[in-house]
Amino acid sequence: MIKFFKSTFEKIIEGTLFLSSTITTLAIVLIIVFLFREGIGTFNQSPIEEGFSLVVNKNNPINELSAQQIKNIFDQNITNWKTVGGNKDSIILFNLDNISNFYSDSAIGENFEFLPQCISDYTEKHSGVVAFVSTRYTGKGFTGKILTTPKVTITQFISQKEWFPTAQPAAQLGVLALILGTLWVSFGAIVIALPLGLATSIYMAEVANPKVRNFLKPLVELLAGIPSVVYGFFGLVIIVPGIQKLFDLPVGETALAGSIVLGIMALPTIITISEDALRTTPKAMKEASLALGANKWQTTARVVIPYSSSGITAAAILGIGRAIGETMAVLMVTGNAAVIPHSFLEPVRTIPATIAAELGEAPQGGLHYKALFALGCILFIITMAINLIVGYVSSKKKYNTR
Amino acid sequence: MEHIITTELVSLFYSEFQALKDISIDFLPNTVTALIGPSGCGKSTYLRLFNRMNDLIDNVKITGKVTIEGEDIYKKDTNIVELRRKVGMVFQKPNPFPKSIFENVAYGLRVNGVNDMSVLKEKVEFSLKQSALWDEVKDKLKKSAFELSGGQQQRLCIARALAIEPSIILMDEPASALDPISTAKIEELIYELKNNYTIVIVTHNLQQAGRVSDYTAFFYIGELIEKGETKELFINPKNIKTQNYITGRFG
Amino acid sequence: MIISKKVIRNKNLKEKIAFNIFRVFSAIVVLSLVAILSFIIYNGISVINWTFLTAMPEDGMTKGGIFPAIVGTLCLVAGSMIFAIPIGVFSGIYINEYTKDSFYKRFIKLMTNNLAGIPSIVFGLFGMSLFVNTLRFGDSIIAGSLTLGLMVLPVVIRTTEEALKSVDNSFRHGSLALGATKLQTIRKVVLPMAFPNIITGIILSVGRVSGETAPILFTVAAYFLPKLPSSIFDQVMALPYHLYVISTSGTNIEESRPIAYGTALVLIGFVLIVNLAANALRKYFGKKVKMN
């Protein structure tokens, strides 16, 4: 009887342990579901805010305008319908903000009761008009034509440069500048961190005596432990003004500042992993090299580094991954201008920083909100890819040493 | 005949621990000398005196005199690179570098400033022939050394040591990680190499010592107990400890 | 073959140059760390006093203390650990003690590694979507703690696994041979031996949790909330977010600079203490295990 309880008890515990072990998988599945559920929602929506529409004269041959065309029309970069494939007719912008230019308050009525009629009349009379109005006013008896707007597509999302998620009348959701900004800053970070990190790891593994190493090791661990906001803060008060002065710039918040801060932050990852890799080199292999008359540096360069190359590669890739995903420090020092970077001395904006800066202001469930989740999906896919590459690189069978 | 290696009252300390006690042995050129004895007796440590591999360990102190070709190798101005060129070494486990077969053999030349491809080719071929590996690998010199079998890897390591034209080859239990067939090949090779090189081999395997060596030295807890011609020592050991060891009473 | 003196001189010169480059680069790494630390300590130390640590923020966060942020961070650390420790340790035990080198083991490890690689802002998005909106916890300690807990879970799992792996199999076999069950062996033999390393891992993950900002941005952190939480469904301020706010978007950035230095120092101090504690523990237990 006791034995029975005992074994049932063991079974229950084992079950609990098993369930715990499934949590990470469950978490990843949930993250994918929730991230992509919201993110994919971006691509089912029109870039025009819900409850509004664009209307034109019913004789206007144009039926559809893209988000970019809408923006250009309302920014008055496009002033003739011909440019978007219509008749040769200049465009007249009409929206509720400038309605007083067209109709007097009395004509509209105290409670806007005549507004729908006004809009209808105006669009009918002027062939070149395009009006951005609430759908409330374009109901029964409306004589104009309501334009359709193509839904946001994935290709557009990724390939367009302009990120104005709150622009009126149509949100501009192009993340190319953000993707390039992220890669740009990370690239700069890795250019800084890789030589420093690898040199330090080689120094720790091959050159330094045990005393120096025992001093360096906890220091690197400490570097890993410092919160990213503290790095960001340090960057903000030291590196940013420094860059501004050094290069005589209007603002110091630049890609370079981001790269330096991220570079420092990626160091511990690179150092720890590559040092571990270097240390796996069998002693016998090093001795064989020394016994052939090679000195320590020749042994390191020609035997130790080639032997641990897969680990060193993994370290570099993980360092890049750390840089790509970092949010707060970058948010604080890069200036967050959503433009395609041309040099390291310009402000840039990265994907994580965009999410952190804008999610708080995006109404839940709206297009902007969903677009930020779509950004999260991109980030998720990039880092997953990095993880899988690292897994592949470090599992790649090392030369069999039998 | 002149002695190629001599050691005179050599002692070695790891910090406080004395690993070798006043060892004096002289080695004749073109002979094979086996160092035997139970684990931890100091035979590997003794072997590593000759190419100063013990230098790599911290807190090692060495007293006494070791000469190679008449030169005191523990003199201050000894050129260690030149010494290690002269004294090749083969390790217990085959430890080829993560490089191609060709580059493994060329390694010792390259790190010592030889980069002329025609010279490299010639020496690699010569060394691989000497280590009886040429016929097996001549078509795949560019392949990774790790694709070879364990026995082939060990012969590659011997070729690697031969490439820089040493006069002495140290072997630290070179066959202990190999199967019997590979072991036989290595032993055959040692016999061949004796014509051109002086070989000092550490082995656990008494039969092996008996088969390949001309002279044998028996070590026990850091001391040299007995040395002499192999046949003599095996048939007619003078010391009781040697007798016990070779008859299998301890070890 | 004779090696010329020139070749030897040449290669030894190269060695010298290479090693000196490594030395210089390592020194740069050390110096940048020292620079960051000393800069913050130098500027922050004069700000820190008892009032700073125990008072509410005042005057648009340009005066007063950071007490609610400290309490908030402690709440989040506690909350996330309540979630992450049991689940993390249990999964570590399951992976190391119950699975053989099977597909499942490799799969779980892959998933754990993947989870560890996800950027913290993605955790923030996920936490907002699941805990705040779908489960309707709102911006709350519980939503923030669960998000943070999930984020450090891989750290806890890995350290547990590593700690268990370092226990020699002979101890397990010895116990099993005496008729103990598997569970008894794990509880009475394996876990006690692995305990120091598990604790060290947990302490380090506490350090990680206390410094994270991105996951709590949209799940719990309050911009300004000069009162203490009364339930797990309340919002709280948190140290890292507070530092972010007063250094970038506070009402008066210049005037709140001293507070920012103070907050940064408190954060670093926390991480420092956590690291030292972990190291001390490692040493202490290391000795103890040896003595036995």
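Every chain is numbered from 1 and lettered A, B, ... according to where its sequence line falls, protein lines coming before strand lines.
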Item to complete: Measure A294(A) against the heavy atoms of chain C and call it side chain, backbone, both or neither at under 4.5 Å.
Response: backbone
Worksheet item: Which atoms of L150(C) come close to chain A, meaning under 4.5 Å heavy atom to heavy atom: side chain ones, backbone ones, both, or neither?
Response: side chain
Worksheet item: Is it the backbone or the side chain of I8(C) that comes under 4.5 Å from a heavy atom of chain A, or both, or neither?
Response: neither
Worksheet item: A116(C) versus chain A, heavy atoms under 4.5 Å apart: side chain, backbone, both or neither?
Response: neither
Discussion item. Can you tell me which of A356(A), G376(A), P352(A) forms the most heavy-atom pairs within a distance under 4.5 Å of chain C?
Written reply: A356(A)
Item to complete: Side chain from CB out, backbone as N, CA, C, O: work out which of these in T134(C) comes under 4.5 Å of a heavy atom of chain A, or both, or neither.
Response: side chain
Item to complete: Examine whether an atom of Q184(C) lies under 4.5 Å from a heavy atom of chain A, and if so say whether it belongs to the side chain, the backbone or both; otherwise answer neither.
Response: both
Item to complete: State, with a plain yes or no, whether a side-chain heavy atom of L222(A) is found less than 4.5 Å away from one of L37(C).
Response: yes
Worksheet item: Among T300(A), I271(A), T383(A), who wins on heavy-atom pairs under 4.5 Å with chain C?
Response: T383(A)
Discussion item. Name the residue from I23(A), T24(A), T22(A) that meets the side chain to side chain contact (heavy atoms under 4.5 Å, CB included) definition with M111(C).
Written reply: T24(A)
Item to complete: Check each atom of F18(A) against the heavy atoms of chain C and say whether the ones under 4.5 Å are side chain, backbone, both or neither.
Response: both
Item to complete: Please look at L267(A) and chain C and tell me whether the side chain, the backbone, both or neither of the residue comes under 4.5 angstrom of a heavy atom of that chain.
Response: side chain
Worksheet item: Where does N43(C) contact chain A at under 4.5 Å (heavy atoms): side chain, backbone, both or neither?
Response: neither
Worksheet item: Given the rule in the ring-ring contact (aromatic ring centres under 6.0 Å, His included) test, do F34(A) and F131(C) qualify, once you have shown the distances and angles that lead to the verdict?
Response: CA-CA 11 Å; F34(A) 276 84; F131(C) 302 124; 8.6 Å; no
Response to the item:
One option among K182(C), K16(C), M128(C), E97(C) has the most heavy-atom pairs under 4.5 Å with chain A, and it is M128(C)
Practice prompt. Examine whether an atom of L236(A) lies under 4.5 Å from a heavy atom of chain C, and if so say whether it belongs to the side chain, the backbone or both; otherwise answer neither.
Written response: side chain
Fill in: Portion of F123(C) that has a non-hydrogen atom of chain A nearer than 4.5 angstrom
side chain
Worksheet item: Taking Q364(A), E221(A), M384(A) one by one, which has the highest count of heavy-atom pairs under 4.5 Å against chain C?
Response: Q364(A)
Item to complete: Heavy atoms only, distances under 4.5 angstrom: which of I95(C), N12(C), I93(C) has the most pairs with chain A? Name it, please.
Response: N12(C)
Worksheet item: In Å and rounded to the nearest 0.5 Å, what is the CG to CD1 distance from L33(C) to I226(A)?
Response: 5.0 Å
Worksheet item: Given a strict heavy-atom distance threshold of 4.5 Å, which part of L272(C) is in contact with chain A: side chain, backbone, both, or neither?
Response: both
Worksheet item: Going by distance alone, is a donor N or O of one side chain under 3.5 Å from an acceptor N or O of the other, for Y98(C) and S21(A)?
Response: no
Item to complete: Begin with the C-alpha distance, continue with both residues' side-chain angles, and end with the deciding distance and a verdict on side chain to side chain contact (heavy atoms under 4.5 Å, CB included) for V237(A) and Y261(C).
Response: CA-CA 10 Å; V237(A) 290; Y261(C) 284 121; 4.1 Å; yes
Fill in: Which portion of L204(C) sits near chain A, non-hydrogen atoms under 4.5 angstrom
neither
Practice prompt. To the nearest 0.5 Å, tell me how far S26(C) OG sits from L196(A) CG.
Written response: 9.0 Å
Item to complete: Consider only side-chain N and O atoms of N113(C) and N387(A), and report whether a donor and an acceptor are under 3.5 Å apart.
Response: no
Discussion item. Counting only non-hydrogen atoms closer than 4.5 Å, does E326(A) touch chain C with its backbone (N, CA, C, O), its side chain (CB onward), both, or neither?
Written reply: neither
Worksheet item: Looking at CZ of F22(C) and CD of E206(A), how far apart are the two atoms once the value is rounded to the nearest 0.5 Å?
Response: 9.5 Å
Worksheet item: Short question: side chain of E10(A), backbone of T181(C) - any donor-acceptor pair under 3.5 Å?
Response: no
Worksheet entry | Exercise: identify the closest heavy-atom pair between T248(C) and M332(A) | CG2-CG, 3.8 Å
Item to complete: Might you work through the side chain to side chain contact (heavy atoms under 4.5 Å, CB included) test for I31(A) and I118(C), ending with a clear yes or no?
Response: CA-CA 10 Å; I31(A) 288 175; I118(C) 293 175; 3.9 Å; yes
Worksheet item: So what's closer than 4.5 Å to chain A heavy atoms on L153(C): side chain, backbone, both or neither?
Response: side chain
Practice prompt. Against chain C, label L219(A) side chain, backbone, both or neither, depending on which of its atoms sit under 4.5 Å from a heavy atom there.
Written response: both
Worksheet item: Does any heavy atom of chain A fall under 4.5 Å from the side chain of L130(C), the backbone, both, or neither of them?
Response: both
Worksheet item: Which bit of T25(A) comes within less than 4.5 Å of chain C, counting heavy atoms only: side chain, backbone, both or neither?
Response: both
Worksheet, complete the sentence: Tightest non-hydrogen contact, residues V229(A) and G211(C), listed as CG2-O, 4.2 Å
Fill in: Closest heavy-atom pair and its distance - S129(C), E38(A)
OG-OE2, 3.7 Å
Discussion item. How long is the straight-line distance from CG of L198(A) back to CZ of F25(C), given to the nearest 0.5 Å?
Written reply: 10.5 Å
Worksheet item: Do you know which two heavy atoms are closest between G325(A) and I121(C), and how far apart they sit?
Response: O-CG2, 4.4 Å
Worksheet item: About how many Å separate NZ of K11(C) and CD of Q298(A), when rounded to the nearest 0.5 Å?
Response: 4.5 Å
Worksheet entry | Residue among R208(C), K14(C), R257(C) with most heavy-atom pairs under 4.5 Å to chain A | R257(C)
Worksheet item: Roughly how far, to the nearest 0.5 Å, is OG1 of T16(A) from CD1 of I87(C)?
Response: 11.0 Å
Item to complete: Please look at L125(C) and chain A and tell me whether the side chain, the backbone, both or neither of the residue comes under 4.5 angstrom of a heavy atom of that chain.
Response: both
Item to complete: Evaluate the side-chain proximity of N279(C) to P218(A): yes if any heavy-atom separation is below 4.5 Å, no if none is.
Response: yes
Discussion item. Between F380(A) and F126(C), is the ring centroid distance below 6.0 Å?
Written reply: no
Response to the item:
Okay, I264(A) and chain C: the region with an atom under 4.5 Å from a heavy atom over there is side chain
Worksheet item: So what's closer than 4.5 Å to chain C heavy atoms on L216(A): side chain, backbone, both or neither?
Response: side chain
Discussion item. So does S20(A) get a backbone contact from the side chain of S91(C), meaning a donor-acceptor N/O pair under 3.5 Å?
Written reply: yes
Practice prompt. Among Y104(C), Y241(C), F218(C), single out the residue with the greatest number of heavy-atom pairs under 4.5 Å to chain A.
Written response: F218(C)
Discussion item. Looking only at heavy atoms and a cut-off of under 4.5 Å, which of F9(A), Y231(A), F215(A), F234(A) has the most pairs with chain C?
Written reply: F234(A)
Discussion item. With a sphere of 6.0 Å drawn around OH of Y369(A), does it hold more than 12 non-hydrogen atoms of other residues, nucleotides or ligands?
Written reply: yes
Worksheet item: Among V230(A), N295(A), V207(A), which has the most heavy-atom pairs under 4.5 Å with chain C?
Response: N295(A)
Item to complete: Check whether R322(A) gets within reach of chain C through its side chain, its backbone, both or neither, counting any heavy atom under 4.5 Å.
Response: neither
Discussion item. Let's test your reading of the structure: which of V34(C), T263(C), V274(C), V29(C) forms the most heavy-atom pairs below 4.5 Å with chain A?
Written reply: V29(C)
Item to complete: Report the option among I351(A), I238(A), I324(A), L35(A) that has the most heavy-atom pairs separated by less than 4.5 Å from atoms of chain C.
Response: I238(A)
Fill in: Segment of F270(C) engaging chain A (4.5 angstrom heavy-atom cut-off)
neither
